[in-house]
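Take a look at the structure below.
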Amino acid sequence: MIEVNQDTCIKCGKCVRVCPSGIFTQPKKGDRIGLVHMESCIVCGHCVDVCPTDSVLHSDFTPEKVHTIDYSRMPTPEQMMLLIKSRRSNRSLTSKPVPKEMLEQIVEAAHCAPTATNSQALSFTVVTDPRKLRLVSDYTIGVFTSLAKRLLNPVVKCILKPLMKDVYKYVPAFQRMKEEHEAGNDPILRKATALLIIHAPKSYRFGSEDANLAYQNASLMAQSLGVSQIYMGFVLTAIRQEGKNTLARQLGIDGKIQAVMALGLPAFKYPKYTDRKDISVNYIE
């Protein structure tokens with residue numbers, strides 16, 4: 001249900017300008033706001049959030065779900081840039097667990113990320129059980145070990161190595177990771193005490209794109225909380241390589257895993273940050 005309170009509406013037309021579905025109409029400036037094709041609403045809340053007089057009434061956004069923004073509390077551009085530039089994948093972690101309230105803030109930040117057509121199709125799984133964390137490492141090492149074995153088959157190697165040099169250069173790394181894993185050094189999770197797994201229904205087309213946006217939100221929130229976050233590229237590579245959704249089933253996840261973040265409390269903080277390579281940007285004006 002969407003309504004416009006015509007008694008309080010000032011006919012500014014902002015709702016018309018921001019609605020991605022074109023539900024609000026105003027033939028010309030100052031005219032009464034109309035409504036069409038309300039069934040096409042994607043429940044994004046733009047209309048409610050932009051209205052300066054609370055004249056847009058939406059059944060999905062009751063008053064307790066609408067919050068006034070205090071822009072004076074926003075971080076400055078300089079503060080935001082410092083947070084971004086200081087963000088590192090700090091792999092030196094303590095055994096102390098990340099407090100639950102911090103994990104909840106990180107998940108909430110991820111959930112607030114934009115999604116395609118406001119689908120909000122992502123779900124989140126937080127793993128802190130040491131046995132399940134070990135399962136993720138075991139799974140990843142197992143996939144890489146099987147892959148290395150196939151690649152080193154004399155017949156396969158003879159055919160593929162000339163064509164897949166970039167793949168074969170990782171084979172020694174796979175061997176080393178297996179040795180470290182067996183020695184208890186955890187080369188995959190780096191002894192992280194928590195994993196944030198972002199997943200979506202298998203049929204959802206924009207799972208990867210939405211998950212990457214959610215990941216960035218979560219990563220910045222973790223940085224602001226002083227929590228180390230590490231992108232689990234090896235885990236995702238193993239999932240894609242295996243292609244059977246085995247890890248999701250083992251963890252009781254209904255859907256496809258799209259992003260994985262390891263979390264832990266750092267043993268120390270970085271006192272400095274170094275510049276990236278010179279930026280490459282092309283402005284087309």
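Side chains of Asn5 and Glu3: no donor on one and acceptor on the other come within 3.5 Å. No side-chain N or O of Thr8 forms a donor-acceptor pair with one of Asp54 less than 3.5 Å apart.
Residues satisfying the side chain to side chain contact (heavy atoms under 4.5 Å, CB included) test with Arg134, not counting sequence neighbours, are Asp138, His181.
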Given Leu247 and Val136, is the side-chain contact (heavy atoms from CB on, under 4.5 Å) satisfied, shown in steps?
CA-CA 7 Å; Leu247 183 60; Val136 174; 4.2 Å; yes
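Taking CE of Met177 as the start and OG1 of Thr140 as the end, the distance is 9.0 Å to the nearest 0.5 Å. From Cys51, atom SG reaches atom NE2 of His46 across 15.0 Å, with rounding to the nearest 0.5 Å. Distance check, rounded to the nearest 0.5 Å: CG of Leu195 to OG of Ser137 gives 8.0 Å.
Applying the salt bridge (charged side-chain N to carboxylate O under 4.0 Å, His left out) rule to pairs touching residues 26-47 yields Lys28-Asp31, sequence neighbours excluded. For residues 196-223, the set of pairs meeting the side chain to side chain donor-acceptor pair (under 3.5 Å) definition, not counting sequence neighbours, comprises Ser86-Gln223, Arg87-Gln216, Arg87-Ser219, Ser119-Tyr204, Thr125-His199, Tyr204-Asp210.
Ring pair Phe144/Phe174 is parallel by interplanar angle, where below 30° counts as parallel and above 60° as perpendicular.
Enclosure of atom CZ in Arg131 is not indicated, since only 12 or fewer non-hydrogen atoms of other residues, nucleotides or ligands lie within 6.0 angstrom. For His58, the NE2 atom counts as densely surrounded, since its 6.0 Å shell holds more than 12 non-hydrogen atoms of other residues, nucleotides or ligands. In the displayed structure, Phe234 atom CZ is contacted under 6.0 Å by at most 12 heavy atoms of other residues, nucleotides or ligands.
Remark: side-chain polar atoms of Arg88 are not paired, donor with acceptor, to backbone N or O of Tyr273 under 3.5 angstrom.
For the pair Leu133 and Ala192, the tightest heavy-atom approach, listed with the atom from each and the gap, is CD1-O, 3.6 Å.
Criterion: ILVMFWY side-chain heavy atoms under 4.5 Å apart, direct or through other members. Under it, Val48 and Val50 are not part of a common hydrophobic cluster.
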